[in-house]
2 protein chains.
Amino acid sequence: MSPSRGRRPGRPENSTGPDQRSQLLDVAVQQFSEHGISGTPLSRIAREARVTPALLHYYFGNKDQLVDAVVRERVLALMAPALQSVTQPSPGDGASHLLDRFVATVLETVSAAPWLPPLWVREVLTEGGQLREMLIREVAPRVTGAITEAIERDQRLGLLNPDIEPRLVPISVIGLTVFALATHSLWSRFPGNQDIDTATLIRHVRALLSSGLSGG
Amino acid sequence: MSPSRGRRPGRPENSTGPDQRSQLLDVAVQQFSEHGISGTPLSRIAREARVTPALLHYYFGNKDQLVDAVVRERVLALMAPALQSVTQPSPGDGASHLLDRFVATVLETVSAAPWLPPLWVREVLTEGGQLREMLIREVAPRVTGAITEAIERDQRLGLLNPDIEPRLVPISVIGLTVFALATHSLWSRFPGNQDIDTATLIRHVRALLSSGLSGG
DNA sequence: CTGGAAATTAAATTAATTGTTAATTAAATT
DNA sequence: AATTTAATTAACAATTAATTTAATTTCCAG
(Lines give C-alpha, C1' and ligand atoms only; values in the text may rest on other atoms or scores of the structure.)
Protein backbone atom coordinates (compact mmCIF):
# COMPACT_ATOMS: atom_id res chain seq x y z
CA MET A 1 0.00 0.00 0.00
CA SER A 2 0.99 3.61 0.47
CA PRO A 3 4.56 4.10 1.56
CA SER A 4 5.76 6.84 3.85
CA ARG A 5 2.87 9.25 4.06
CA GLY A 6 2.73 11.51 1.05
CA ARG A 7 5.61 10.01 -0.88
CA ARG A 8 5.01 10.53 -4.60
CA PRO A 9 6.38 8.46 -7.48
CA GLY A 10 9.69 9.34 -8.98
CA ARG A 11 13.28 9.26 -8.02
CA PRO A 12 13.87 10.82 -4.61
CA GLU A 13 16.46 13.47 -3.98
CA ASN A 14 19.89 12.14 -3.21
CA SER A 15 20.17 10.92 0.31
CA THR A 16 23.40 10.45 2.19
CA GLY A 17 22.32 7.50 4.33
CA PRO A 18 23.10 3.82 3.74
CA ASP A 19 21.92 2.54 0.42
CA GLN A 20 18.36 1.41 -0.01
CA ARG A 21 19.21 -2.15 -1.00
CA SER A 22 21.10 -2.72 2.21
CA GLN A 23 18.30 -1.25 4.28
CA LEU A 24 15.83 -3.53 2.56
CA LEU A 25 17.98 -6.52 3.48
CA ASP A 26 17.99 -5.38 7.09
CA VAL A 27 14.23 -5.09 7.19
CA ALA A 28 13.84 -8.43 5.42
CA VAL A 29 16.09 -10.27 7.82
CA GLN A 30 14.24 -8.80 10.75
CA GLN A 31 10.86 -9.77 9.37
CA PHE A 32 12.01 -13.25 8.40
CA SER A 33 13.21 -13.69 11.94
CA GLU A 34 9.97 -12.52 13.51
CA HIS A 35 7.46 -14.20 11.25
CA GLY A 36 9.36 -16.78 9.27
CA ILE A 37 10.15 -16.63 5.59
CA SER A 38 6.95 -18.03 4.17
CA GLY A 39 5.08 -16.04 6.80
CA THR A 40 6.48 -12.79 5.50
CA PRO A 41 4.80 -11.35 2.41
CA LEU A 42 6.82 -8.90 0.40
CA SER A 43 4.13 -6.39 1.16
CA ARG A 44 5.02 -6.46 4.85
CA ILE A 45 8.72 -5.98 4.22
CA ALA A 46 7.83 -3.12 1.94
CA ARG A 47 5.52 -1.53 4.47
CA GLU A 48 8.10 -1.74 7.23
CA ALA A 49 10.69 -0.20 4.95
CA ARG A 50 8.24 2.50 3.89
CA VAL A 51 8.46 1.43 0.32
CA THR A 52 6.30 -0.47 -2.15
CA PRO A 53 6.50 -4.17 -3.00
CA ALA A 54 7.46 -3.27 -6.53
CA LEU A 55 10.71 -1.83 -5.26
CA LEU A 56 11.67 -5.21 -3.84
CA HIS A 57 11.29 -6.64 -7.29
CA TYR A 58 13.29 -3.80 -8.66
CA TYR A 59 16.23 -4.67 -6.41
CA PHE A 60 16.00 -8.44 -6.04
CA GLY A 61 13.98 -9.78 -8.95
CA ASN A 62 11.76 -12.05 -6.91
CA LYS A 63 11.24 -13.41 -3.45
CA ASP A 64 13.57 -16.38 -3.84
CA GLN A 65 16.40 -14.16 -4.88
CA LEU A 66 15.69 -11.90 -1.94
CA VAL A 67 15.99 -14.89 0.37
CA ASP A 68 19.22 -15.83 -1.36
CA ALA A 69 20.63 -12.39 -0.83
CA VAL A 70 19.62 -12.44 2.83
CA VAL A 71 21.34 -15.77 3.35
CA ARG A 72 24.54 -14.86 1.59
CA GLU A 73 24.95 -11.29 2.70
CA ARG A 74 23.57 -11.50 6.21
CA VAL A 75 23.25 -15.01 7.62
CA LEU A 76 26.38 -16.72 6.34
CA ALA A 77 28.43 -13.56 6.76
CA LEU A 78 27.50 -13.44 10.42
CA MET A 79 28.23 -17.04 11.15
CA ALA A 80 31.70 -17.08 9.71
CA PRO A 81 33.53 -16.30 12.98
CA ALA A 82 31.77 -19.06 14.90
CA LEU A 83 32.68 -21.48 12.16
CA GLN A 84 36.29 -20.46 12.27
CA SER A 85 36.40 -20.82 16.02
CA VAL A 86 36.08 -24.58 15.70
CA THR A 87 37.66 -25.29 12.36
CA GLN A 88 40.87 -23.41 12.91
CA PRO A 89 43.19 -25.95 14.48
CA SER A 90 44.03 -24.84 17.97
CA PRO A 91 47.35 -26.42 18.71
CA GLY A 92 47.46 -28.38 21.87
CA ASP A 93 44.24 -27.48 23.57
CA GLY A 94 41.63 -30.09 24.21
CA ALA A 95 37.94 -30.39 23.80
CA SER A 96 36.97 -28.18 26.67
CA HIS A 97 38.97 -25.22 25.40
CA LEU A 98 37.57 -25.76 21.94
CA LEU A 99 34.03 -25.72 23.29
CA ASP A 100 34.72 -22.76 25.49
CA ARG A 101 35.86 -20.79 22.48
CA PHE A 102 32.93 -21.96 20.40
CA VAL A 103 30.35 -21.13 23.05
CA ALA A 104 31.79 -17.69 23.63
CA THR A 105 31.96 -16.91 19.92
CA VAL A 106 28.46 -18.14 19.27
CA LEU A 107 26.96 -16.26 22.16
CA GLU A 108 28.76 -13.06 21.30
CA THR A 109 27.89 -13.23 17.63
CA VAL A 110 24.33 -13.93 18.37
CA SER A 111 23.87 -11.36 21.09
CA ALA A 112 24.91 -8.73 18.60
CA ALA A 113 22.36 -10.01 16.09
CA PRO A 114 19.33 -11.09 18.06
CA TRP A 115 17.47 -11.89 14.87
CA LEU A 116 19.66 -14.87 14.12
CA PRO A 117 18.53 -17.47 16.66
CA PRO A 118 14.80 -17.23 15.96
CA LEU A 119 15.53 -17.45 12.27
CA TRP A 120 17.63 -20.52 12.86
CA VAL A 121 15.03 -22.21 14.95
CA ARG A 122 12.30 -21.56 12.46
CA GLU A 123 14.05 -22.07 9.17
CA VAL A 124 16.80 -24.52 9.97
CA LEU A 125 15.72 -26.57 12.92
CA THR A 126 12.07 -27.12 12.20
CA GLU A 127 10.87 -29.53 9.59
CA GLY A 128 10.23 -27.85 6.28
CA GLY A 129 12.46 -24.90 7.16
CA GLN A 130 13.62 -23.11 4.06
CA LEU A 131 17.25 -22.75 5.08
CA ARG A 132 17.67 -26.31 6.21
CA GLU A 133 19.37 -27.90 3.24
CA MET A 134 21.55 -24.91 2.56
CA LEU A 135 22.91 -24.64 6.07
CA ILE A 136 23.24 -28.37 6.53
CA ARG A 137 25.46 -28.42 3.50
CA GLU A 138 27.55 -25.42 4.42
CA VAL A 139 27.76 -25.42 8.18
CA ALA A 140 26.86 -28.60 10.01
CA PRO A 141 29.50 -31.01 8.73
CA ARG A 142 32.44 -28.87 9.65
CA VAL A 143 31.18 -27.83 13.06
CA THR A 144 29.97 -31.21 14.24
CA GLY A 145 33.02 -32.97 12.86
CA ALA A 146 35.50 -30.80 14.68
CA ILE A 147 33.67 -30.91 18.02
CA THR A 148 32.81 -34.59 17.99
CA GLU A 149 36.36 -35.59 17.18
CA ALA A 150 37.86 -33.45 19.90
CA ILE A 151 35.50 -34.96 22.45
CA GLU A 152 36.23 -38.51 21.34
CA ARG A 153 39.95 -37.91 21.55
CA ASP A 154 39.80 -36.59 25.10
CA GLN A 155 37.41 -39.34 26.09
CA ARG A 156 39.84 -42.01 24.93
CA LEU A 157 42.49 -40.33 27.04
CA GLY A 158 40.21 -40.72 30.05
CA LEU A 159 39.91 -36.97 30.47
CA LEU A 160 36.18 -36.79 29.94
CA ASN A 161 33.00 -38.19 31.38
CA PRO A 162 32.46 -41.54 29.63
CA ASP A 163 28.66 -41.25 29.82
CA ILE A 164 28.78 -38.31 27.46
CA GLU A 165 27.85 -39.24 23.89
CA PRO A 166 30.28 -37.33 21.65
CA ARG A 167 27.90 -37.14 18.72
CA LEU A 168 25.29 -35.48 20.93
CA VAL A 169 27.59 -32.78 22.18
CA PRO A 170 27.11 -30.41 19.24
CA ILE A 171 23.34 -30.73 19.62
CA SER A 172 23.59 -30.07 23.32
CA VAL A 173 25.74 -27.02 22.79
CA ILE A 174 23.32 -25.61 20.24
CA GLY A 175 20.49 -26.36 22.62
CA LEU A 176 22.21 -24.49 25.41
CA THR A 177 23.17 -21.46 23.34
CA VAL A 178 21.24 -20.77 20.15
CA PHE A 179 18.08 -22.19 21.55
CA ALA A 180 18.40 -20.30 24.82
CA LEU A 181 18.78 -17.04 22.95
CA ALA A 182 16.10 -17.86 20.43
CA THR A 183 13.61 -18.11 23.23
CA HIS A 184 14.95 -15.10 25.06
CA SER A 185 11.87 -13.08 24.26
CA LEU A 186 9.84 -15.79 25.93
CA TRP A 187 11.57 -16.40 29.23
CA SER A 188 12.83 -12.90 29.80
CA ARG A 189 9.20 -11.95 30.32
CA PHE A 190 8.80 -14.20 33.32
CA PRO A 191 8.77 -12.30 36.57
CA GLY A 192 12.26 -11.75 37.89
CA ASN A 193 14.01 -12.71 34.69
CA GLN A 194 14.39 -9.31 33.05
CA ASP A 195 17.95 -8.77 34.13
CA ILE A 196 19.60 -11.92 32.79
CA ASP A 197 22.24 -10.70 30.38
CA THR A 198 24.63 -12.30 27.95
CA ALA A 199 27.51 -12.36 30.39
CA THR A 200 25.42 -14.36 32.83
CA LEU A 201 24.34 -16.70 30.09
CA ILE A 202 27.91 -17.30 28.97
CA ARG A 203 29.05 -18.01 32.52
CA HIS A 204 26.10 -20.32 33.07
CA VAL A 205 26.57 -22.34 29.91
CA ARG A 206 30.30 -22.68 30.44
CA ALA A 207 29.80 -23.81 34.01
CA LEU A 208 27.17 -26.32 33.00
CA LEU A 209 29.25 -27.71 30.17
CA SER A 210 32.48 -27.98 32.05
CA SER A 211 31.35 -29.36 35.36
CA GLY A 212 27.57 -29.64 35.46
CA LEU A 213 25.34 -28.69 38.32
CA SER A 214 27.48 -30.28 40.98
CA GLY A 215 30.36 -27.97 40.18
CA GLY A 216 34.07 -28.56 40.19
CA MET B 1 -10.59 -33.33 -2.94
CA SER B 2 -11.94 -36.86 -3.23
CA PRO B 3 -11.60 -38.94 -0.09
CA SER B 4 -10.77 -42.61 -0.01
CA ARG B 5 -11.08 -43.83 -3.59
CA GLY B 6 -14.69 -44.16 -4.63
CA ARG B 7 -16.26 -43.17 -1.35
CA ARG B 8 -19.75 -41.80 -1.95
CA PRO B 9 -21.76 -39.54 0.29
CA GLY B 10 -23.83 -40.91 3.08
CA ARG B 11 -23.41 -42.43 6.45
CA PRO B 12 -20.94 -45.31 6.38
CA GLU B 13 -21.71 -48.74 7.75
CA ASN B 14 -21.01 -49.17 11.42
CA SER B 15 -17.34 -49.65 12.09
CA THR B 16 -15.88 -51.15 15.22
CA GLY B 17 -12.63 -49.16 15.22
CA PRO B 18 -11.85 -46.04 17.24
CA ASP B 19 -14.25 -43.23 16.68
CA GLN B 20 -13.78 -40.86 13.78
CA ARG B 21 -13.46 -37.77 15.92
CA SER B 22 -10.54 -39.24 17.78
CA GLN B 23 -8.85 -40.31 14.58
CA LEU B 24 -9.26 -36.82 13.19
CA LEU B 25 -7.55 -35.41 16.25
CA ASP B 26 -4.67 -37.82 15.73
CA VAL B 27 -4.21 -36.77 12.15
CA ALA B 28 -4.51 -33.11 13.06
CA VAL B 29 -1.90 -33.28 15.78
CA GLN B 30 0.47 -35.05 13.43
CA GLN B 31 -0.01 -32.47 10.70
CA PHE B 32 0.28 -29.54 13.09
CA SER B 33 3.54 -31.01 14.26
CA GLU B 34 4.95 -31.47 10.77
CA HIS B 35 3.82 -28.25 9.15
CA GLY B 36 2.73 -25.96 11.95
CA ILE B 37 -0.81 -24.91 12.71
CA SER B 38 -1.21 -22.05 10.29
CA GLY B 39 0.70 -24.10 7.74
CA THR B 40 -1.87 -26.86 7.86
CA PRO B 41 -5.04 -26.29 5.85
CA LEU B 42 -8.06 -28.27 6.89
CA SER B 43 -7.99 -29.77 3.43
CA ARG B 44 -4.69 -31.49 4.17
CA ILE B 45 -5.91 -32.93 7.45
CA ALA B 46 -8.99 -34.12 5.61
CA ARG B 47 -7.00 -35.69 2.80
CA GLU B 48 -4.69 -37.52 5.20
CA ALA B 49 -7.70 -38.82 7.10
CA ARG B 50 -9.40 -39.80 3.83
CA VAL B 51 -12.30 -37.54 4.54
CA THR B 52 -13.58 -34.19 3.29
CA PRO B 53 -13.01 -30.81 4.93
CA ALA B 54 -16.72 -30.56 5.55
CA LEU B 55 -16.46 -33.39 8.02
CA LEU B 56 -14.00 -31.44 10.09
CA HIS B 57 -16.55 -28.69 10.36
CA TYR B 58 -19.15 -31.23 11.25
CA TYR B 59 -17.13 -32.44 14.23
CA PHE B 60 -15.32 -29.31 15.37
CA GLY B 61 -17.24 -26.32 14.07
CA ASN B 62 -14.22 -24.42 12.79
CA LYS B 63 -10.47 -24.47 12.74
CA ASP B 64 -10.01 -22.59 16.01
CA GLN B 65 -12.16 -25.07 17.84
CA LEU B 66 -10.22 -27.91 16.27
CA VAL B 67 -7.00 -26.38 17.60
CA ASP B 68 -8.64 -26.04 21.00
CA ALA B 69 -9.61 -29.68 21.02
CA VAL B 70 -6.11 -30.73 20.01
CA VAL B 71 -4.59 -28.73 22.81
CA ARG B 72 -6.94 -29.93 25.50
CA GLU B 73 -7.33 -33.54 24.50
CA ARG B 74 -3.86 -34.27 23.20
CA VAL B 75 -1.19 -31.76 24.19
CA LEU B 76 -2.12 -30.94 27.76
CA ALA B 77 -3.16 -34.51 28.45
CA LEU B 78 0.26 -35.74 27.43
CA MET B 79 2.20 -33.25 29.44
CA ALA B 80 0.47 -33.90 32.72
CA PRO B 81 2.96 -36.50 34.00
CA ALA B 82 5.98 -34.30 33.36
CA LEU B 83 4.23 -31.50 35.21
CA GLN B 84 3.51 -33.72 38.15
CA SER B 85 7.09 -34.92 38.27
CA VAL B 86 8.24 -31.49 39.42
CA THR B 87 5.25 -30.15 41.25
CA GLN B 88 4.62 -33.12 43.46
CA PRO B 89 6.72 -32.46 46.54
CA SER B 90 9.39 -35.10 46.80
CA PRO B 91 10.26 -35.24 50.46
CA GLY B 92 13.89 -34.91 51.20
CA ASP B 93 15.52 -35.08 47.83
CA GLY B 94 17.44 -32.19 46.43
CA ALA B 95 17.63 -30.43 43.12
CA SER B 96 19.59 -33.08 41.29
CA HIS B 97 17.06 -35.80 42.04
CA LEU B 98 14.25 -33.49 41.06
CA LEU B 99 15.91 -32.75 37.75
CA ASP B 100 16.75 -36.38 37.16
CA ARG B 101 13.12 -37.28 37.55
CA PHE B 102 12.00 -34.42 35.37
CA VAL B 103 14.45 -35.21 32.59
CA ALA B 104 13.51 -38.88 32.59
CA THR B 105 9.79 -38.14 32.56
CA VAL B 106 10.07 -35.57 29.82
CA LEU B 107 12.22 -37.78 27.63
CA GLU B 108 10.01 -40.79 28.11
CA THR B 109 6.79 -38.89 27.49
CA VAL B 110 8.16 -37.31 24.43
CA SER B 111 9.76 -40.40 22.96
CA ALA B 112 6.35 -42.01 23.01
CA ALA B 113 4.84 -39.02 21.23
CA PRO B 114 7.43 -37.78 18.76
CA TRP B 115 5.01 -35.19 17.44
CA LEU B 116 5.18 -33.16 20.63
CA PRO B 117 8.64 -31.54 20.47
CA PRO B 118 8.36 -30.13 16.95
CA LEU B 119 4.96 -28.76 17.81
CA TRP B 120 6.38 -27.15 20.89
CA VAL B 121 9.27 -25.59 19.08
CA ARG B 122 7.06 -24.17 16.38
CA GLU B 123 4.02 -23.11 18.30
CA VAL B 124 5.30 -22.35 21.76
CA LEU B 125 8.91 -21.37 21.47
CA THR B 126 8.92 -19.30 18.33
CA GLU B 127 7.55 -15.81 18.23
CA GLY B 128 3.97 -15.72 17.06
CA GLY B 129 3.42 -19.35 17.98
CA GLN B 130 -0.24 -20.06 18.43
CA LEU B 131 0.09 -22.07 21.62
CA ARG B 132 2.39 -19.66 23.34
CA GLU B 133 0.08 -17.76 25.61
CA MET B 134 -1.97 -20.79 26.50
CA LEU B 135 0.97 -22.90 27.53
CA ILE B 136 2.78 -20.07 29.25
CA ARG B 137 -0.22 -19.63 31.44
CA GLU B 138 -0.79 -23.28 32.20
CA VAL B 139 2.65 -24.83 32.28
CA ALA B 140 5.63 -22.55 32.61
CA PRO B 141 5.03 -20.95 36.00
CA ARG B 142 4.73 -24.19 37.90
CA VAL B 143 7.64 -25.95 36.22
CA THR B 144 10.11 -23.10 36.36
CA GLY B 145 9.13 -22.20 39.88
CA ALA B 146 9.71 -25.65 41.29
CA ILE B 147 13.03 -26.19 39.54
CA THR B 148 14.46 -22.76 40.17
CA GLU B 149 13.66 -22.90 43.85
CA ALA B 150 15.18 -26.31 44.33
CA ILE B 151 18.39 -25.17 42.66
CA GLU B 152 18.58 -22.00 44.73
CA ARG B 153 18.09 -23.95 47.91
CA ASP B 154 20.89 -26.40 47.17
CA GLN B 155 23.11 -23.60 45.98
CA ARG B 156 22.74 -21.78 49.29
CA LEU B 157 23.74 -24.99 51.02
CA GLY B 158 26.93 -24.99 48.99
CA LEU B 159 25.98 -28.21 47.25
CA LEU B 160 25.88 -26.79 43.75
CA ASN B 161 28.11 -25.01 41.30
CA PRO B 162 27.82 -21.29 42.14
CA ASP B 163 28.34 -20.24 38.52
CA ILE B 164 25.05 -21.84 37.57
CA GLU B 165 22.24 -19.33 37.20
CA PRO B 166 19.18 -20.95 38.78
CA ARG B 167 16.72 -19.10 36.60
CA LEU B 168 18.42 -20.40 33.49
CA VAL B 169 18.30 -24.04 34.53
CA PRO B 170 14.77 -24.72 33.28
CA ILE B 171 15.69 -23.21 29.91
CA SER B 172 18.83 -25.30 29.77
CA VAL B 173 16.95 -28.47 30.58
CA ILE B 174 14.37 -27.77 27.90
CA GLY B 175 17.19 -27.04 25.49
CA LEU B 176 18.86 -30.34 26.27
CA THR B 177 15.71 -32.44 26.05
CA VAL B 178 12.74 -31.09 24.13
CA PHE B 179 14.95 -29.27 21.70
CA ALA B 180 17.21 -32.25 21.15
CA LEU B 181 14.25 -34.44 20.32
CA ALA B 182 12.56 -31.79 18.23
CA THR B 183 15.55 -31.73 15.96
CA HIS B 184 15.98 -35.48 15.97
CA SER B 185 14.88 -35.76 12.36
CA LEU B 186 17.64 -33.34 11.49
CA TRP B 187 20.72 -34.71 13.21
CA SER B 188 19.82 -38.36 12.99
CA ARG B 189 20.38 -38.03 9.26
CA PHE B 190 24.03 -37.12 9.64
CA PRO B 191 26.34 -39.98 8.78
CA GLY B 192 26.94 -42.27 11.74
CA ASN B 193 24.11 -40.85 13.82
CA GLN B 194 21.31 -43.24 12.93
CA ASP B 195 21.68 -45.42 15.97
CA ILE B 196 21.40 -42.83 18.75
CA ASP B 197 18.37 -43.90 20.77
CA THR B 198 16.42 -42.48 23.67
CA ALA B 199 18.34 -44.45 26.26
CA THR B 200 21.58 -42.93 25.04
CA LEU B 201 20.05 -39.48 25.05
CA ILE B 202 18.82 -39.88 28.61
CA ARG B 203 22.22 -41.06 29.80
CA HIS B 204 23.92 -38.24 27.96
CA VAL B 205 21.69 -35.48 29.30
CA ARG B 206 21.85 -36.77 32.85
CA ALA B 207 25.61 -37.02 32.70
CA LEU B 208 25.94 -33.54 31.30
CA LEU B 209 23.58 -32.02 33.84
CA SER B 210 25.02 -33.73 36.86
CA SER B 211 28.71 -33.41 36.25
CA GLY B 212 29.37 -31.83 32.87
CA LEU B 213 31.94 -32.91 30.35
CA SER B 214 34.71 -33.40 32.86
CA GLY B 215 32.80 -36.14 34.61
CA GLY B 216 32.43 -37.05 38.25
C1' DC C 1 -41.43 -51.06 8.26
C1' DT C 2 -41.06 -46.45 8.37
C1' DG C 3 -39.41 -41.92 9.42
C1' DG C 4 -36.24 -39.15 11.57
C1' DA C 5 -31.48 -38.54 13.20
C1' DA C 6 -26.58 -39.19 12.26
C1' DA C 7 -22.55 -39.27 9.31
C1' DT C 8 -20.72 -38.30 5.29
C1' DT C 9 -19.67 -36.29 0.47
C1' DA C 10 -20.09 -32.98 -3.47
C1' DA C 11 -20.14 -28.68 -4.90
C1' DA C 12 -20.47 -23.91 -4.49
C1' DT C 13 -19.45 -19.59 -2.17
C1' DT C 14 -16.96 -16.26 -0.07
C1' DA C 15 -12.90 -13.90 1.06
C1' DA C 16 -8.57 -12.88 1.23
C1' DT C 17 -3.75 -12.96 -0.06
C1' DT C 18 0.22 -12.65 -2.73
C1' DG C 19 3.67 -12.62 -6.07
C1' DT C 20 4.27 -10.26 -10.09
C1' DT C 21 3.98 -7.01 -14.10
C1' DA C 22 2.97 -2.72 -16.71
C1' DA C 23 2.59 1.92 -16.94
C1' DT C 24 3.96 6.16 -15.12
C1' DT C 25 6.49 9.83 -12.63
C1' DA C 26 10.42 12.41 -11.14
C1' DA C 27 15.23 13.15 -10.14
C1' DA C 28 20.07 12.46 -11.57
C1' DT C 29 23.54 12.12 -14.95
C1' DT C 30 25.76 12.87 -19.22
C1' DA D 1 17.95 17.60 -24.10
C1' DA D 2 18.24 12.72 -23.74
C1' DT D 3 18.81 8.81 -21.08
C1' DT D 4 19.15 6.18 -17.05
C1' DT D 5 17.88 5.31 -12.29
C1' DA D 6 14.67 5.05 -8.48
C1' DA D 7 10.45 5.02 -7.20
C1' DT D 8 5.10 4.67 -7.17
C1' DT D 9 0.38 3.27 -8.63
C1' DA D 10 -2.65 0.12 -10.09
C1' DA D 11 -4.10 -4.01 -11.34
C1' DC D 12 -3.75 -8.97 -12.68
C1' DA D 13 -3.80 -13.71 -12.10
C1' DA D 14 -3.40 -17.52 -9.51
C1' DT D 15 -4.64 -19.84 -5.94
C1' DT D 16 -5.72 -20.98 -1.60
C1' DA D 17 -8.68 -21.66 2.37
C1' DA D 18 -12.45 -21.60 5.31
C1' DT D 19 -17.04 -22.22 5.41
C1' DT D 20 -21.92 -23.31 3.90
C1' DT D 21 -25.65 -25.74 1.61
C1' DA D 22 -27.77 -29.50 -0.30
C1' DA D 23 -27.81 -34.21 -1.32
C1' DT D 24 -27.00 -39.02 -0.06
C1' DT D 25 -26.70 -43.07 2.65
C1' DT D 26 -27.05 -45.80 6.78
C1' DC D 27 -28.65 -46.51 11.46
C1' DC D 28 -32.10 -46.94 14.96
C1' DA D 29 -36.43 -46.11 17.65
C1' DG D 30 -41.11 -46.80 17.67
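Each chain gets a letter, A, B and so on, in the order the sequences are listed, and its residues count up from 1.
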Closest nucleotide of DNA chain D for G39(B) versus for E13(B): which of these residues is on the 5' side? G39(B)

Starting at the 5' end of DNA chain D, which residue's closest nucleotide do you reach first, A54(B) or R44(B)? R44(B)

Side chains of [X] and [Y] in contact at under 4.5 Å (non-hydrogen atoms):
| X | Y | value |
| --- | --- | --- |
| F102(B) | V143(B) | yes |
| V110(A) | W120(A) | no |
| L176(B) | L208(B) | yes |

Counting side-chain heavy atoms from C-beta on, which of [options] comes nearest to [X]?
| X | options | result |
| --- | --- | --- |
| P53(A) | dT8(D), dA7(D), dT20(C) | dT20(C) |
| L55(B) | dC27(D), dT8(C), dA22(C) | dT8(C) |
| V51(B) | dA7(D), dT9(C), dT19(D) | dT9(C) |
| N62(A) | dT8(D), dT20(C), dA18(D) | dT20(C) |
| T52(A) | dT19(D), dG19(C), dT8(D) | dT8(D) |
| K63(B) | dT9(D), dA18(D), dC27(D) | dA18(D) |

Rounded to the Å, how far apart are [X] [atom1] and [N] [atom2]?
| X | N | atom1 | atom2 | value |
| --- | --- | --- | --- | --- |
| Q65(B) | dA18(D) | CD | P | 14 Å |
| L42(A) | dA10(D) | CG | P | 20 Å |
| Q31(B) | dA17(D) | CD | P | 13 Å |
| F60(B) | dA17(D) | CZ | P | 19 Å |
| H57(B) | dT9(C) | NE2 | P | 14 Å |
| L56(A) | dT21(C) | CG | P | 14 Å |
| R47(A) | dT17(C) | CZ | P | 11 Å |
| D64(A) | dT18(C) | CG | C1' | 14 Å |

Phosphate contact (dA6(D) OP1 or OP2) by Q20(A) side-chain N/O below 4.0 Å: no

Looking only at side-chain N and O atoms, does Y58(A) come under 4.0 Å of OP1 or OP2 in dA6(D)? yes

Tell me what Y59(A) touches on the nucleic acid: a base, only sugar-phosphate, or nothing, going by heavy atoms under 4.0 Å. sugar-phosphate

Which atoms of nucleotides 3-5 of chain C (N or O only) lie under 3.5 Å from a protein N or O atom, and what are those distances?
none

Flag for Q23(B)-D26(B): side-chain donor and acceptor within less than 3.5 Å: no

Using distance alone, with no hydrogens and no angle criterion, decide if R206(B) and S96(B) have a side-chain donor and acceptor under 3.5 Å apart. no

Quick one: does any side-chain atom of R132(B) pair with a main-chain N or O of E123(B) as donor and acceptor, under 3.5 Å? no

Any Lys/Arg nitrogen of E34(A) or R44(A) sitting under 4.0 Å from an Asp/Glu carboxylate oxygen of the other? no

